[in-house]
Amino acid sequence: MPRSKTCAAASRSPCSDWPRRHARHYPKGAATRDGSGRRHRRAISSVPFLPPNRCPMSQQPKTAIQPTRAQDYPEWYLQVIKAADMAENSPVRGCMVIKPWGYALWENIQRTLDGMFKETGHVNAYFPLFIPLSYLQKEAQHVDGFAKECAVVTHSRLEAGPDGKLVPASPLEEPLIVRPTSETIIGESFARWVQSYRDLPLLINQWANVVRWEMRTRLFLRTAEFLWQEGHTVHADEADARAETMRMLDVYADFAEQHLAMPVIKGRKTDSERFPGAVDTYCIEAMMQDRKALQSGTSHYLGQNFARSSNIRFQDEAGQMQFAHTTSWGVSTRLIGGMIMTHADDDGLIVPPRLAPQHVVILPIYRDAADRANVLAYCESLKTELHAQRLGDERLRVTIDDRDLRGGEKTWSWVKKGVPLRIDVGPRDIAAGSVFVARRDTGEKESVDRSEFVGTVIARLQAIQDNLLARAKAFRTEHTRVIDSKDELYAWFTPQSGDKPEIHGGFALCHWNGSAAVEAQLKEELKVTIRCIPLEGEWGYDATPGQCVMTGEPSVGRVVLAKAY
RNA sequence: CGGGGCGUAGCGCAGUCCGGUUAGCGCGCUUGACUGGGGGUCAAGAGGUCGGAGGUUCGAAUCCUCUCGCCCCGACCA
């Protein structure tokens with residue numbers, strides 16, 4: 001007999017601590033007046049739970065994640081990660097442990113992107129984790145950008161100190177920094193690898209970890225150490241390098257939309273948001289469900305800045321020595337944070353099928369040993385039929401969950417992990433030759449003829465993928481506004497509730513006079529930044545001249561304003 | 001680095017103000033039974049040098065000093 005939703009909710013957390021919460025409101029003195037306070041407390045806290053229909057919170061719909069997005073968005077985000085068992089904080093400050101479900105997502109991101117990089121002519125290589133301090137110093141702006149957040153290695157061994165504790169010993173002649181990014185160390189190699197125009201373009205990528213000593217960290221979004229890829233390329237001229245910059249930006253945008261189902265705006269950064277040392281920084285910006293922007297990938301045209309500082313020169317066809325033009329571009333495990341905040345709901349993660357560690361989970365249901373054998377055999381053959389099919393160019397990933405858990409608990413664990421399709425298979429389904437299918441993104445459930453399901457499973461997964469993207473696009477549209485008055489702008493970015501779940505308008509498409517002073521004012525007064533200047537043809541692009549929303553001065557087009565992660 | 005909060009069992013907490021039996025509770029975990037189509041029931045168990053180091057005391061989770069770590073809020077960032 002299935003339990004009713006409200007009934008189930010009553011036995012769960014909002015209500016289970018109800019009596020205790022109220023016990024706190026007893027005057028403290030009362031508990032200890034007779035010296036047996038403990039017994040008092042015990043008596044209070046052993047009050048039986050109120051019956052479900054009396055539970056004061058039973059009106060709330062049941063959610064697997066608490067708090068909900070509306071109640072406390074940042075905490076919801078952390079709880080989703082925990083409930084899906086994706087990652088956890090480590091004993092090392094600011095660093096995370098990525099658990100198998102989270103790492104599987106990263107592996108899928110890696111595999112797909114790596115294929116796209118190869119398709120565009122790039123090859124992988126690996127450069128050192130440690131960078132001599134003097135290298136960072138070669139590019140002045142680069143130093144300014146990263147010096148404040150570098151981990152520095154100063155010693156090469158440990159010795160037992162006077163109190164028996166290990167102390168660093170044997171100082172290095174030149175300290176090493178742990179790479180926050182690799183332009184300088186890669187530049188050193190490139191300077192030797194590039195001699196002639198015939199060596200160009202040089203198209204290299206590396207998958208690596210980097211360290212940026214951040215003050216405040218959040219799982220996946222900003223950690224002291226994170227995983228990423230960084231592409232580094234060298235070109236003979238500006239046009240070629242700029243084309244590369246844009247090509248990789250397109251790769252990122254395609255990947256974000258097609259695989260992460262995360263709509264992004266391709267745009268150019270303003271001077272104040274530019275990568276330290278770059279001539280131009282381009283980015284993809286996405287809107288999260290709290291309406292804040294997440295920079296999800298960047299691609300930089302570095303001009304000849306790093307070529308000069310690293311001495312990357314080549315002899316051109318005329319025999320002249322020239323500085324090369326370089327680019328760099330990267331995406332990181334932050335994409336996983338973006339995926340969570342784009343799709344997850346109050347029941348946990350929702351994984352876009354193209355990236356799902358498991359596409360389909362089959363939950364066998366049986367009572368006794370005889371049933372078990374039948375049901376498992378049915379499940380195995382179903383798994384085989386499903387596994388033979390392909391979504392994109394990958395075989396369906398299907399798992400049978402035969403763990404010895406109660407049905408409900410097992411089901412919920414997969415809901416929280418965000419597996420696109422769940423299938424219940426019990427004796428009744430076998431008798432009817434059907435399967436019972438539940439769809440994670442919409443919550444729809446139906447009994448479907450088995451062969452029909454096998455025949456439509458790819459279409460079903462694709463429908464989920466499409467729905468997630470469409471839903472996210474609709475959300476972005478709903479929370480984006482073209483704004484031309486300063487009052488309206490301030491109203492748009494003023495939280496509607498002063499409390500924790502900050503709800504403000506979202507994105508604003510506004511005219512801007514191009515001055516850093518206006519940017520500084522926006523940041524100071526509204527905590528809003530110019531996320532990007534949309535590229536021609538992009539969503540949000542508008543290059544009809546107008547007047548700056550702040551100053552009324554002339555503007556050549558609209559920019560995207562938002563609060564950002 | 002400034003302001004605020006918190007470290008007690010795997011997780012969440014009570015106990016700290018006002019020092020005094022063997023430090024409790026919920027969830028989870030283990031074992032068994034009944035169960036099993038959205039978080040089930042019952043029974044029996046295991047699990048803690050109370051973040052760390054000093055100090056006060058006959059006696060410290062509780063008081064004092066120092067220290068480490070975490071969370072939230074502000075300035076930087078993929």
Side-chain angles (χ1 to χ4, degrees), chain A residues 1-5 7-13 16-21 23-24 28-29 31-32 35 37-39 41-42 44-46 49 62 64 72 74-75 78 82 88-89 91-94 144-149 180-181 210 212-218 220-224 226-230 252 273 275-276 281 283-285 294-298 300 329-335 337-338 347 363-368 371-372 375 404-416 422-429 435-436 438 443 445 447 500 523-524 527 529 564-565:
Chain A
M1 195 64 185
R3 295 158 58 85
S4 80
K5 290 203 169 186
C7 184
S11 67
R12 298 183 55 229
S13 41
S16 56
D17 65 350
W18 163 250
R20 281 174 57 207
R21 219 181 268 168
R24 280 192 209 138
K28 288 219 163 187
T32 49
R38 185 158 288 156
R39 210 170 302 151
R41 285 305 178 89
R42 200 178 290 146
I44 291 163
S45 60
S46 66
F49 295 158
K62 174 177 66 174
D72 185 345
E75 182 61 23
L78 294 174
K82 195 170 171 182
E88 61 191 20
N89 278 310
V92 185
R93 178 197 187 89
D144 288 348
F146 288 108
K148 285 166 291 183
E149 48 185 24
T181 180
V210 286
R212 296 180 186 177
W213 215 259
E214 302 287 354
M215 302 212 140
R216 301 191 54 202
T217 59
R218 290 183 78 188
F220 289 115
L221 294 176
R222 187 182 300 112
T223 46
F226 58 94
L227 305 183
W228 78 346
Q229 61 65 219
E230 47 182 324
Y252 288 156
E273 298 268 326
F275 175 76
T281 286
C283 62
I284 52 173
E285 293 281 336
L294 183 76
Q295 181 178 131
S296 309
T298 50
H300 316 291
W329 27 275
V331 295
S332 72
T333 37
R334 176 179 254 199
L335 287 175
D347 283 332
L363 304 170
I365 294 154
Y366 48 78
R367 290 159 193 267
D368 50 37
D371 274 356
R372 181 171 192 273
V375 170
D404 183 21
L405 292 177
R406 271 79 184 219
E409 197 176 337
K410 201 192 279 191
T411 302
W412 276 107
S413 75
W414 293 108
V415 172
K416 290 182 289 192
R422 291 192 316 279
I423 299 177
D424 289 348
V425 173
R428 267 183 263 156
D429 304 289
V435 294
F436 191 77
K445 283 163 257 189
S447 188
K500 254 197 173 170
K523 192 165 185 178
E524 172 70 24
K527 290 171 191 154
T529 49
Y565 276 95

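Just so we're on the same page: letters track the sequence lines, and every chain starts at 1.
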* Structure fact -> Which of B:G37, B:G74, B:A78 is nearest the side chain of A:K527? It is B:G74
* Asked: Does B:G12 have a Watson-Crick or wobble mate here (both distances under 3.5 Å), and if so which one?
  -> B:C25
* Would you say A:D424 and A:K445 make side-chain contact, with heavy atoms under 4.5 Å? -> no
* Side chain proximity check, A:R218 to A:P74, heavy atoms < 4.5 angstrom -> yes
* Set of residues satisfying ring pair (Phe, Tyr, Trp, His ring centres under 6.0 Å) with respect to A:F275, sequence neighbours excluded -> A:H142, A:F146, A:H300
* In whole angstrom, what separates A:I423's CD1 from B:G37's P? -> 18 Å
All N/O contacts under 3.5 Å from nucleotides 28-32 of chain B to the protein, with atom names and distances to one decimal?
none

* To do: Among B:G36, B:C71, B:A78, find the nucleotide with the atom closest to the side chain of A:I365.
  => B:G36
* State whether A:K416 places a side-chain N or O below 4.0 Å from either non-bridging phosphate oxygen (OP1 or OP2) of B:G39. => no
* Asked: Distance between the P atoms of B:G28 and B:C11, in whole angstroms?
  -> 15 Å
* Nearest-Å distance, CG (A:D347) to P (B:G39)? -> 13 Å
* Asked: Taking the side chain of A:R367 as its heavy atoms from C-beta onward, which of B:C76, B:G36, B:G39 lies nearest to it?
  -> B:G36
* To do: Could you check which of B:G37, B:A78, B:A75 has an atom nearest any side-chain atom of A:P427?
  => B:G37
* Asked: To the nearest Å, how far apart are A:E88 CD and B:G69 C1'?
  -> 16 Å
* Asked: Within this structure, what is the CZ-to-P distance between A:F436 and B:G37, rounded to whole angstrom?
  -> 12 Å
* To do: Find the distance A:D72:CG to B:C72:P and express it as a whole number of Å.
  => 10 Å
* Please give, in whole Å, the distance from B:C77 C1' to A:L294 CG? -> 12 Å
* Asked: So do the side chains of A:P180 and A:V210 get within less than 4.5 Å of each other, counting heavy atoms only?
  -> no
* Asked: Between B:G37, B:C77, B:C11, which nucleotide has the shortest distance from any of its atoms to the side chain of A:R222?
  -> B:C77
* List the atom of A:L363, the atom of A:R422, and the distance in Å for their closest heavy-atom pair. => CD1-CD, 4.4 Å
* Could you give the CZ-to-C1' distance, from A:R216 to B:G2, as a whole number of Å? -> 13 Å
* Please indicate yes or no: is the ring centre of A:F226 less than 5.5 Å from the centre of the six-membered base ring of B:A78, with the two planes inclined by under 30 degrees? => yes
* From B:A78, B:G74, B:G37, pick the nucleotide closest to the side chain of A:E214? -> B:A78
* Whole Å only: how far is the CG atom of A:D404 from the P atom of B:U35? -> 15 Å
* Asked: If you find the nucleotide of RNA chain B closest to A:D429 and the one closest to A:R334, which residue's nucleotide is nearer the 5' end?
  -> A:D429
All N/O pairs under 3.5 Å across the protein-nucleotides 6-9 of chain B interface:
none

* Structure fact -> Picking from B:C76, B:G37, B:A78, the nucleotide nearest the side-chain atoms of A:T298 would be B:A78
